[in-house]
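For the numbers below, each heavy atom of this structure counts, side chains included, while hydrogens, waters and symmetry mates do not. All ligand and atom numbering here is 1-based and tracks the order in the structure.
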Amino acid sequence: MTHSADYQIVPVPAFKDNYLWVLRKDAAAVVVDPGDAAPVLAYLDREKLLLKAILLTHHHADHIGGVPELLKRFPVPVFGPNDERIEAATRRVAQEDRVELPDISASFRVIEVPGHTRAHIAYYGEKVLFCGDTLFACGCGRMFEGDAPQMHASLQKLAALPVDTRFYCAHEYTLANIAFARAVEPGNRALQERAQSEAALRAQDIPTVPSTIGRELATNPFFRCSEPEVIAAAASRLGHPPANAAETFGAIREWKNSF
Ligand code: ZN
Ligand code: FE
C-alpha cells in the first residue's frame, strides 16, 4: 500500500500526561500502550467500537497496566517486544517483523529502539510511527536500561524515517522539553518559533502530539548531536570536546536529567 493511512488516530488521555493512542476504522479499534483500561473502555463504549488488537512498546506500567482488564472484555492479540516482564504479550515481535491489522487496514513494521528499556520497540507504517517513550516532541526518553551509544543509535533509526512521518509518543512533555532545548541551542530560530506555537496549543489544552520527524530534525537537540551549538553545549558539560555524536548525546541526556 502506498496511500496514506486511512484509519483515524485518537488520543485518550490518562494519568497525568499520558496519551493512549486509539486507532479506529469503521467499528474496529486498536490501542497502543493502554496503561489504564478505564478511559479506553469508556471511549470504546461511547464510540461503539470493538477492540481488535493491542500494541505494546515496552514494559512500563503506564504502558501495559490496562491490558489484563481490556482482555477480560476483548480477548484480542497482544503484540509486544521480547521482554518477559510483559506477561500479557501473545505475539512477540522483533526488528523487521510486520504487524498486520486488517480490521483497521493497517500494517506496521517493527523497529527495535533499545535504550529507555532494553527491549523497547516502535511501530512504523505509512508515515505513521508509534514510538512509546523513545522519541518525544522536542525530547527523548530517559535511558533506564541502555547506554548513550545504544539510545543514540535507536534515535538515529527514527531520524532516518521520511521527514513527513507523524509520530505519536506516549507523553505530553513538549513544553518542558522545549525549555531544555532552548538552553542547549539558544541560537536556534526554529526552536524559538516552536516554543511559541506549542505554548499556544497547550494554552488551549490541545495536544502537541503528533509531531513530525522533520520538525524534530530542526528543533530536537537529541536529533541534532552533530550541530556545532549542541556539540559546544556538550563540551562545556563534559569539560572536553566530545569524541563523537553518541558522546554528545550522552552529555546532553545527562544534563536533561537534572535540568
Ligand atoms: Zn517508559
Ligand atoms: Fe511512559
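- The angle subtended at the Fe ion (ligand 2) by OD2 of Asp133 and OD2 of Asp62 is 170°, given to the nearest 10°.
- With a 6.0 Å radius and a threshold of 12 heavy atoms from other residues, nucleotides or ligands, Glu112 has its CD atom above the threshold.
- When the shell of 6.0 Å around CD of Gln196 is examined, it contains 12 or fewer heavy atoms from other residues, nucleotides or ligands.
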For Phe222 and Phe249, run ring pair (Phe, Tyr, Trp, His ring centres under 6.0 Å): C-alpha distance rounded to whole Å, both residues' side-chain angles, the deciding distance at 0.1 Å, then the answer. CA-CA 6 Å; Phe222 300 104; Phe249 172 82; 5.6 Å; yes

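- The pair Glu229-Arg224 fails the salt-bridge criterion, with no side-chain N (NZ, NE, NH1 or NH2) lying under 4.0 Å from an Asp/Glu carboxylate O.
- Summarising the geometry, atom CG belonging to Asn220 is positioned 9.0 Å from atom CD1 belonging to Ile213; distances are rounded to the nearest 0.5 Å.
- Taking the Fe ion (ligand 2) as the corner point, the angle from His63 atom NE2 to His171 atom NE2 is about 120° (rounded to 10 degrees).
- Taking backbone and side chain together, His58 holds no N, O or S atom under 2.8 Å from the Fe ion (ligand 2).
- Atom ND1 is the N, O or S atom of His60 at the shortest distance from the Zn ion (ligand 1).
- Look at His60 and the Fe ion (ligand 2): no N/O/S atom of the residue is under 2.8 Å from the metal.
- One of the N, O or S atoms belonging to His116 lies under 2.8 Å away from the Zn ion (ligand 1).
- Closest to the Zn ion (ligand 1) among the N, O or S atoms of Asp133 is OD2.
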What do the steps show when you test Thr219 against Arg194 for side-chain hydrogen bond (donor to acceptor under 3.5 Å, both in side chains), and what is the final call? CA-CA 8 Å; Thr219 54; Arg194 185 171 188 183; 2.8 Å; yes

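- Distances from the Zn ion (ligand 1) to each N, O or S atom of His58 single out NE2 as the nearest.
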